[in-house]
Engineer: 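One structure, as structure tokens, below. Some questions next.
Since the structure is predicted, the reported quantities are computational estimates derived from the model, not experimental observations.
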Amino acid sequence: MKNFAIILSVILMTVCPALMAQEASKDEIDYIPDISLDMRFGYGHKFAENAGRFGGHGLFLDLNGQITENLSYSLNHCFANFEGWDEHGFGNTHWVTLTYENDWFYISAGKEDVKIGSFEYDTYDIDSYMEMNSLFWNTISPWQWGVSAGWYPAEGQTVLAQACNSPFSTMDTPGLFAYALGWRGEWDVYESYWTTNMWQYDKGRYVKALNLGNRFHIGDFSFDLEYTTRCTDIKKAFTSDFTLMFAPSYEWDWGRAFAKIGWERVKEDTLGYEFDGDNLFYGAGAEFFPFKEYKDVRLHAIWASNTNLMAGHCLNIGLTWKMNLTEAGKKLFNKIKKTQNE
């Protein structure tokens with residue numbers, strides 16, 4: 001908690017000078033960073049064990065800001081999760097990036113998400129429910145140091161490439177890298193996130209992957225249809241290790257109802273699974289905003305079953321909230337300024 005207090009102090013010392021600089025500047029660029037603390041709390045119950053517990057999914061610091069018109073930075077750090085782990089160095093930092101972007105391309109460097117073409121894999125932790133997710137999501141680390149770049153050939157289209165440390169790389173096994181080539185597209189009724197990947201697990205040896213994430217929109221109803229396949233032997237590309245998933249959802253002003261069903265076949269020991277065979281995962285849930293005009297507080301309830309991740313069925317009921325530290329800094333700055341003028 002000492003580190004937590006230090007970071008909060010640094011944030012306040014950052015926001016207040018930024019507010020003064022913004023006030024003095026005639027530039028239209030907003031240099032004040034968007035800073036929030038995000039938290040999810042809940043009660044989880046496993047019916048097979050007839051046992052449950054209260055706990056927090058995580059306490060996340062999220063910071064985003066501009067340095068110049070084209071240069072921006074982003075940081076997301078997890079202070080703790082429901083198991084209470086704490087890693088040294090950047091272990092608890094999900095991402096910390098510096099990005100240059102103009103009208104037709106971007107380049108980013110730092111610790112960032114591994115580019116894998118899946119909307120399930122791409123979802124922010126606090127908005128995702130691990131009990132309903134694939135074993136691939138629950139096994140493969142999504143955050144690595146590296147560089148990425150993207151080209152915008154048309155409005156709503158991004159062709160992207162990435163080189164980073166491999167998800168199988170550790171401090172004891174350096175020199176393992178991962179590569180991605182992908183495409184993201186966005187239209188009124190359809191979004192795509194497709195990638196081809198190579199993840200090195202030994203010198204000269206790679207897991208090859210094809211990831212096809214698709215999201216369809218029909219009014220307030222949407223659904224994800226995803227297929228991913230992974231292999232070390234290209235001849236077994238579509239039969240040895242794959243995930244097929246369907247996830248519909250419906251949104252309205254004060255909530256969202258959603259469901260998911262997926263099937264995985266696991267034959268690749270390299271990925272680190274603790275079993276070999278077929279995995280069925282499914283579930284349903286709902287999210288509610290108790291304050292209609294304030295979406296930073298959210299209630300949720302989910303039911304799920306995940307054959308090889310847990311025994312039987314489980315239930316999770318909880319609350320998510322986001323504390324806007326930028327707004328708090330603005331109020332503090334205005335209060336100090338008002339006191340000085342009196």
Side-chain angles (χ1 to χ4, degrees), residues 34 36-44 56-58 60 62 64 74 76 94-95 113 116-134 136-138 142 155-158 182-194 211-228 243-263 281-306 313-324 326-327:
D34 293 323
S36 69
L37 274 177
D38 307 338
M39 175 69 184
R40 194 171 87 196
F41 163 82
Y43 173 79
H57 179 76
F60 301 87
D62 196 51
N64 301 278
S74 182
N76 183 273
H94 284 175
W95 68 81
D113 61 304
I116 296 177
S118 165
F119 289 103
E120 177 192 70
Y121 203 78
D122 197 47
T123 302
Y124 184 28
D125 280 21
I126 210 167
D127 297 322
S128 189
Y129 302 97
M130 60 171 290
E131 302 91 340
M132 295 177 64
N133 289 346
S134 64
F136 180 77
W137 185 95
N138 279 283
E155 184 177 356
Q157 308 294 305
T158 305
W183 166 59
R184 297 199 72 156
E186 184 175 350
W187 293 269
D188 291 338
V189 297
Y190 173 67
E191 295 179 59
S192 65
Y193 188 12
W194 297 359
N211 306 281
L212 304 175
N214 304 278
R215 176 169 290 172
F216 300 86
H217 301 279
I218 307 171
D220 295 325
F221 175 76
S222 65
F223 65 90
D224 295 348
L225 184 60
E226 300 193 348
Y227 174 76
T228 65
T243 304
L244 181 64
M245 186 192 71
F246 173 67
S249 68
Y250 182 81
E251 296 187 22
W252 59 95
D253 288 344
W254 50 271
R256 181 174 77 101
F258 55 92
K260 181 186 291 185
I261 182 168
W263 172 43
F281 57 100
Y282 54 90
E287 297 172 338
F288 303 96
F289 301 105
F291 310 104
K292 186 176 178 181
E293 302 301 324
Y294 187 71
K295 299 298 179 69
D296 288 339
V297 176
R298 182 182 72 204
L299 300 172
H300 74 264
I302 68 145
W303 154 81
S305 179
N306 206 318
H313 302 267
C314 72
L315 178 71
N316 188 284
I317 301 173
L319 170 69
T320 301
W321 69 92
K322 298 181 179 182
M323 295 171 276
N324 193 323
T326 299
E327 288 301 316

Engineer: Considering residues at least two apart in sequence or located in another chain, which fulfil the side chain to side chain contact (heavy atoms under 4.5 Å, CB included) criterion with S249?
Structural biologist: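 With sequence neighbours excluded, S249 shows a side chain to side chain contact (heavy atoms under 4.5 Å, CB included) to S222, R256, F258, given in chain and number order.
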Engineer: Between the side chain of N138 and the main-chain N/O of M130, is any donor-acceptor distance below 3.5 Å?
Structural biologist: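 Such a contact is found between N138 side chain and M130 backbone.
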Engineer: Between F221 and Y250, is the gap from one ring center to the other below 6.0 Å?
Structural biologist: no
Engineer: Could I get the full list of ring pair (Phe, Tyr, Trp, His ring centres under 6.0 Å) partners for W194, not counting sequence neighbours?
Structural biologist: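 Residues passing ring pair (Phe, Tyr, Trp, His ring centres under 6.0 Å) with W194: W183.
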Engineer: Donor-acceptor pair, E287 side chain versus R298 backbone, under 3.5 Å?
Structural biologist: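 Answer holds: no.
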Engineer: I'd like to know if the side chain of D113 reaches the main chain of W95, judged simply by a donor and an acceptor atom lying under 3.5 Å from each other, with no hydrogens or angles considered.
Structural biologist: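 Checked: no pair found.
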Engineer: Donor-acceptor check, side chain of D220 to backbone of W252, threshold 3.5 angstrom: yes or no?
Structural biologist: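 Not a single qualifying donor-acceptor pair exists.
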Engineer: To the nearest 0.5 angstrom, please state how far the CG atom of L212 sits from the OG1 atom of T243.
Structural biologist: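 Reported value, rounded in 0.5 Å steps: 12.0 Å.
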Engineer: Within this structure, what is the CH2-CD distance for the pair W187 and E155, rounded to the nearest 0.5 Å?
Structural biologist: 11.5 Å
Engineer: At what distance, to the nearest 0.5 angstrom, does CD of E120 lie from CG of N211?
Structural biologist: 11.0 Å
Engineer: Only one of R40, M39, H94, K322 forms a side-chain contact (heavy atoms from CB on, under 4.5 Å) with F60, so which one is it?
Structural biologist: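 With F60 as partner, R40, M39, H94, K322 yield a single side-chain contact (heavy atoms from CB on, under 4.5 Å), made by H94.
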Engineer: I want to check something: taking the side chain as every heavy atom from C-beta on, are Y190 and N214 in contact at a cut-off of under 4.5 Å?
Structural biologist: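 Touching, per the 4.5 Å side-chain cut-off.
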Engineer: To check you understand the geometry: which heavy-atom pair defines the closest contact between Y193 and I116, and what is its length?
Structural biologist: CE2-O, 3.3 Å
Engineer: Walk me through whether D38 and T320 qualify under side chain to side chain contact (heavy atoms under 4.5 Å, CB included).
Structural biologist: CA-CA 8 Å; D38 307 338; T320 301; over 6 Å; no
Engineer: Please check if the side chain of R184 supplies one atom and the backbone of T158 the other of a donor-acceptor pair under 3.5 Å.
Structural biologist: no
Engineer: What residues form a ring pair (Phe, Tyr, Trp, His ring centres under 6.0 Å) with Y282, not counting sequence neighbours?
Structural biologist: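 Checked Y282 against ring pair (Phe, Tyr, Trp, His ring centres under 6.0 Å); matches are W303.
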Engineer: Check M132 against A259 and note the closest heavy-atom contact, atom names and distance.
Structural biologist: CE-C, 4.2 Å
Engineer: Indicate yes or no: at least one non-hydrogen side-chain atom of Y121 is less than 4.5 angstrom from one of E226.
Structural biologist: no
Engineer: For the atom pair CG (D224) and CZ (F246), what is the distance rounded to the nearest 0.5 Å?
Structural biologist: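 One finds 9.0 Å between CG of D224 and CZ of F246.
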Engineer: To check you understand the geometry: which heavy-atom pair defines the closest contact between F281 and N133, and what is its length?
Structural biologist: CD1-C, 3.9 Å
Engineer: Say you draw a straight line from CD1 of I261 to CE of M245; how long is it, rounded to the nearest 0.5 Å?
Structural biologist: 11.5 Å
Engineer: Any side-chain donor-acceptor pair under 3.5 Å between D62 and Y124?
Structural biologist: no
Engineer: Can you tell me how the ring of W254 sits relative to the ring of F288, calling it parallel under 30°, perpendicular over 60° and tilted otherwise?
Structural biologist: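 Rings of W254 and F288: parallel, as their planes differ by under 30°.
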Engineer: Does CZ belonging to F291 count more than 12 external heavy atoms closer than 6.0 Å?
Structural biologist: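 No.
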Engineer: Please find the pair of heavy atoms, one from I126 and one from H57, that lie closest to each other, and give the distance.
Structural biologist: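 The pair with the smallest heavy-atom distance is CA-CD2, 4.3 Å.
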Engineer: Say you draw a straight line from CG of D125 to CH2 of W137; how long is it, rounded to the nearest 0.5 Å?
Structural biologist: 5.5 Å
Engineer: Any donor-acceptor pair under 3.5 Å linking the side-chain atoms of S36 with those of N324?
Structural biologist: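 No, S36 and N324 have no side-chain donor paired with an acceptor closer than 3.5 Å.
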Engineer: Can H217 and D188 be counted as having a side-chain donor-acceptor contact under 3.5 angstrom?
Structural biologist: no
Engineer: Could you pull out the closest heavy-atom pair between Y129 and D127, with the gap in Å?
Structural biologist: CE1-O, 4.2 Å
